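Below is one structure, written out as structure tokens; the observations come after it.
The model shown is predicted, which means the values in this text are computed figures rather than measured ones. Ligands are counted one by one from 1 in listed order, and the atoms in each one are counted from 1 as well.
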Amino acid sequence: MRVTNYGHACWMLEVNGKKLLFDPFISGNELAKHIDIAIIKPDYILISHGHQDHMADVIQIAKASGATLISNFEIITWFAAKGIEGGHPMNHGGSKSFDFGKVKMVNAIHSSSFPDGSYAGNPAGFVIESNAGNFYFAGDTALTMDMQIIPKFTKLDFALLPLGDNFTMGIDEALMAAQWVECNTIIGMHYDTFGYIVIDHDAARQAFEQAGLTLHLPKIGESIEI
Ligand code: NI
Ligand code: MN
């Protein structure tokens, strides 16, 4: 599976010939100035929660690509009112099959509100199952016991976990999350974008290595095959 880092929590995953873009926040990211949003043409945009650092570029990319949004009911309804219609609403614990594979919306411990302060539903992560591989996109979350449910249903090939601390779990908790979801291959996200969440990359890699885990920290704009 091809995995491209567009910075912060924004990733493109190519699954069975379909492009899934997660949490688009590029134009407002100082570290992603070299990314041209116009070339990003996903088939689906998955949105974990209502914060601007996860959905600032949804409208522009959805309009240019015609991508289908997948998120919670509140976020899908909010974007429909802004002219991005045809999105697929879900809620926690629910699964739905699409043409690339199955999406399950899972718990995240965080907050979620729209820029105007209105209610954006509860924050989520996603578990994707497909015949090309299974992965977990944690979204913004604390370490939560709910992660232990995931491997009861899905054998993960890799997981995208936040590492930046302060707003989400940090490296120590991400190590435990990797164990709880029973996954040895981790892609780090949600770090370095703001001063609050700058991490020491070498220390992070070492911590994962010592735990017998593989940590990928691709550069912004870089793609890896996993
Ligand atoms: Ni957030
Ligand atoms: Mn965030």
Heteroatom N/O/S of [X] within less than 2.8 Å of the Mn ion (ligand 2):
| X | value |
| --- | --- |
| H190 | yes |
| H8 | no |
| D140 | yes |

Which atom name does D53 have for its N/O/S atom nearest to the Mn ion (ligand 2)?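 Looking only at N, O and S atoms of D53, the one nearest the Mn ion (ligand 2) is named OD2.
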
Pair [X] and [Y], ring centroids less than 6.0 Å apart:
| X | Y | value |
| --- | --- | --- |
| H8 | F25 | yes |
| Y6 | W11 | no |
| Y196 | F194 | no |

Determine the interplanar angle of the H51 and H49 rings, folded into 0 to 90°, and report it as parallel if under 30°, tilted if 30 to 60°, perpendicular if over 60°.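 If you compare the ring of H51 with that of H49, the planes turn out perpendicular.
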
Vertex the Ni ion (ligand 1): angle to ND1 of H51 and NE2 of H110, to 10°?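 Value, to the nearest 10 degrees: 100°.
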
Do any of the N/O/S atoms of D53, backbone or side chain, fall under 2.8 Å from the Ni ion (ligand 1)?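 No.
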
How is the N/O/S atom of D140 that comes nearest to the Ni ion (ligand 1) named?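 Relative to the Ni ion (ligand 1), the closest nitrogen, oxygen or sulfur of D140 carries the name OD2.
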
Quick one: closest heavy-atom pair of M147 and A142, and the distance?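 Scanning both residues completely, I find the closest heavy atoms to be CE-O, 3.5 Å.
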
Do E225 and R2 sit within salt-bridge range, that is, some charged N less than 4.0 Å from a carboxylate O?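 R2 and E225: salt-bridged.
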
